[in-house]
Structures are given as structure tokens and as C-alpha cells.
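Letters A, B, ... are given to chains in the order of the sequence lines, protein chains preceding strands, and every chain is numbered from 1. Note that the coordinates shown come from a computational prediction; the quantities given were computed from them, not determined experimentally.
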Amino acid sequence: MAQPSGRVVIHVDFDYFFAQIEEREQPEYKGKSVVVCVYSGRTEDSGAVSTANYVARRFGVRSGMPIVWAKRILKEEDAVFLPVNLVKYREISDEIMDLLRTYGDSFEQVSIDEAFLEVTKRVGGDYGAAEKLAGEIKDAILRRTGLTCSVGVGPNKLIAKIAANQVKPDGLTVVPSETVNEFLRLLPVGRLYGVGRKTEKIMVEKGLKTIGDLADHPVDDLVHTFGKTLGLYFHEAANGIDESEVQERGPPKSLSRIATLKKDTREPEALLPVLIELCEALIRRIEVEGLAYRTVSLVTISEDMAMRSKSLTLEDATTDKDVLLRTVKSLLGDYLRESTLNLRRIGVRVSSLSPLAGQRRLSSYMG
DNA sequence: CACGTGCGGGC
DNA sequence: CCCTGTCGCACGTG
């Protein structure tokens, strides 16, 4: 009873994207563990793993893992550790996204390495034609960039995304509407978009281990446990229902920059230079986006890893750098009066963003 | 509405 | 074992 609408949606997920790019550029990395890292700069190897190739993953290296753990795991191996080069990855991502966009009735970039394509019209609702098209997309990306990706085809975004994750790297998984329920039923609830570690734990404690369990569970109880929005969403998702459209994303709703401090401190003299840099970076971004901000937030992560935020909404939207810095300083004062802990990381966020009038820029979001 | 927190996705 | 960076959404509270 999944989709009366007869849609066909494709999800494209670039395989171990950052590490694959590095591999492609250095053929001598082939067969070795390649680990792309975000170095925080507080000690030699402080920081976290961003992406690892499949060789490293076989040893247990994972995204988000501390770099020192990964080094320990791979110390007997001839492994390569590299810093992230986001400018390079973004350039390659943009190139692939521009290519992908031409294959859909509509297109939605989800992140630097993921996108949805609505192809219903393009394939006339036919899953055989969709599978062929998905293959052509994979070929085109490979020819153009030398990179592989994993692709999922399904009757909606939810199913297409789960399908793309089913076989990777270099996978192609097609789930026609008639097979949605059998496809979902045996999968663990954690495979559902929106179910992470915390939510999965709650579900498993309720005896909901598979998506089938969730689909059969009374929706009232899900609403009671997870709230109206999420409860209804989980119920529908578990039954393979998702009517959300594939559509170009608009301008960002918030922008933030966060940094790790060289050492834990609560001294304004030590924090200020960092805040200035973060504000400057944000203002540059606001300018290229053609946006103005009205809400300013200071984000703090203290030595105990607790995250907090302080924010203030201005009377009028602005692009002014000094206003931003003054506001951030004032919020820092508020925070320091309330807490005695040293800070480990600090960040600045702007939100309530509005487009500046008379901007050509708007056109770049209209698809 | 403004403010603050929690969570997820997944590099 | 130690801990990156960025964004969106939901929701509780005042």
C-alpha cells in the first residue's frame, strides 16, 4: 500500500568521497589505508577522522573516530593520513552535481556528496528504464571524474536513500514500489532516516528492532513517545510512505563557524582573536551569499564537552562585521558570568538570514 | 516571537 | 583509548 503516486526517485551517494578523491590523485595509495582527517591543532594528532577508504574501514576505522585511535589501529599498516582539503572536494562535488542535475526532472543536492533526482517523467514511471538511467549516471560520473558512487532507485526519497546505502561502494539498488514493504521489513530500525543512536536505543527497548516491527506498532504509542511530528513520520516511513518532493534547496537558514582552542581557557584575551577570525570568516560567507543576519549566537563547548549557546536577535537585519563582533563579545560576557568552566571549543552562528534586496544571486537557487 | 537544547546525518 | 565541523528541525519555555 506504499505509493499510489507512481513516482521514481534516484539517490546518488558518492563513495567515501574525500578519501576516494585523494586515492584517485595518488595511484600509489591504491591498496593502502587512506584516512582523511580534521586536525584540530591542539596537539600533533588531535582531531577526528573525516572519511576513510574501505581498506581502512576493514580494520575498523570510522568517521568521527579520534585520529589517534585510527593511528593505533593502523600502526602495523602502511597507512596514509591526510588533512581535509575542502576547497578541492567542493570543486569536484560542484562538477558532479552540475552533471547530475541534467539527468532529473528536478534535482536536490543534500550535502557535498549526496543528491536526489526525481526521474518519474524522464523514465515514464518505468523501473527498468530507471535502472538503465541510474547505470548511465554512474558511468557518466566515472568517465568525467574517475570516481564511483552508489545509487538507489525507489518510489520516493526515503526508499531511494535506504536503497543507495544497501550496496556500496559502487552499488546500484532498485526497489520498485511493489517490493518496498518486503525490502523494509527486515532492516534494523537504525537504517531509517532520522533514527540515530539515541532513538534506536529507545525503539529497541520498546521491542522495535526491525522496520517491520515499527510498521506494525500502534501509531498512537509512537506519537506518545516521540511527539506528534516524529511519531507520525516514523509510522509512515516504516510503511514506506514519503511524499516529500525533490526540490532545489534555497539559501542557507543559518551559517556557523566553530574552532577548537589550542588549550582550554576562559580568558577573554585568549578567546578574542579566535572570535575575530570566526566573525570575519562568517562575514565573508554572508557577503558571497548576498545575505543579512538578524540573530547572533555564541556557541561554547566547555572542557567537560557540554555544548551551550547564547543568542541575541537584533532589531534589524545587517551585514555589519563590527555589530557581529560586538554582539559576540557581549554574549561571551554573559556566558562567562554563568559558568566557571574553561572552554575547549568556541563558535559563532548567524541566523534569521534574509536575502539582500536586488540580488542576482537569487537565481542560483531557482534551479 | 525569542531563546536554549537535543538530535541526526555522515563526512 | 579521545573528541571535527556544519546545518536543519523539533520542541519546551517564557
A/Thr229 side-chain proximity, nearest of C/dC11, B/dC3, B/dG4: C/dC11

query: Which whole-number value in Å describes the distance from A/Asp264 CG to C/dC3 P?
result: 10 Å

query: If you pin A/Ile112 and A/Lys310 to their nearest nucleotides in DNA chain B, which one's is more 5'?
result: A/Lys310

- prompt: Considering only side-chain heavy atoms of A/Ser63, which listed nucleotide, B/dC11, C/dT6, C/dG8, is closest?
  reply: B/dC11

- prompt: If you check every side-chain atom of A/Ser309, which of B/dC3, B/dG4, C/dC7 has the closest atom?
  reply: B/dG4

- request: Go through C/dG8, B/dC3, C/dT4 for me and flag the one nearest to the A/Lys253 side chain.
  value: C/dG8

- prompt: For B/dC3, does OP1 or OP2 lie under 4.0 Å from any side-chain N or O of A/Thr313?
  reply: yes

task: Examine C/dT4: is either OP1 or OP2 under 4.0 Å from a nitrogen or oxygen in the side chain of A/Arg344? Give yes or no.
output: yes

Closest nucleotide among B/dG8, B/dG9, C/dG8 to the A/Ser254 side chain: C/dG8

query: Which one of A/Val35, A/Asn85, A/Leu86 satisfies the side chain to side chain contact (heavy atoms under 4.5 Å, CB included) criterion with A/Phe18?
result: A/Leu86

message: Does the Lys NZ or Arg CZ of A/Lys310 fall within the cation-pi geometry relative to A/Tyr335 - under 6.0 Å from the ring centre and within 45° of the axis?
response: no

- line: Which of B/dC11, C/dT4, B/dG4 is nearest the side chain of A/Ser311? It is B/dG4

message: Would you say the base of B/dC11 stacks on A/Phe17 (centre-to-centre below 5.5 Å, plane angle below 30°)?
response: no

- prompt: Given the C1' atoms of C/dT6 and B/dG6, what is the spacing between them in whole Å?
  reply: 16 Å

query: Within the structure, does a side-chain N or O atom of A/Arg349 lie under 4.0 Å from either OP1 or OP2 of B/dC3?
result: no

- prompt: If you find the nucleotide of DNA chain C closest to A/Arg345 and the one closest to A/Val68, which residue's nucleotide is nearer the 5' end?
  reply: A/Val68

- request: Look at all strands and tell whether A/Ser50 reaches a base, only sugar-phosphate, or nothing, counting heavy atoms closer than 4.0 Å.
  value: base

query: Cluster question for you: counting only ILVMFWY and a side-chain heavy-atom cut-off of under 4.5 Å, with indirect links fine, are A/Leu336 and A/Leu275 together?
result: yes

- request: Taking only the side-chain nitrogens and oxygens of A/Arg308, find out if one of them lies under 4.0 Å from OP1 or OP2 of B/dC3.
  value: no

- request: Applying side-chain hydrogen bond (donor to acceptor under 3.5 Å, both in side chains), name anything that partners A/Glu114, two or more places apart in sequence or on another chain.
  value: A/His11, A/Lys161

- prompt: For A/Asp304 and C/dC2, what is the distance between atoms CG and P respectively, to the nearest whole Å?
  reply: 17 Å

message: If I take atom NZ in residue A/Lys71 and atom P in nucleotide C/dC2, what distance separates them, rounded to the nearest angstrom?
response: 15 Å

- prompt: Considering heavy-atom distances to DNA chain C, does A/Ser46 or A/Phe226 have its closest nucleotide positioned more toward the 5' end?
  reply: A/Ser46

message: Taking the basic N atoms (NZ, or NE/NH1/NH2) and the acidic carboxylate oxygens, is any pair closer than 4.0 Å for A/Lys32 and A/Glu23?
response: no

- line: A/Lys157 atom NZ is separated from C/dG8 atom C1', nearest whole Å, by 13 Å

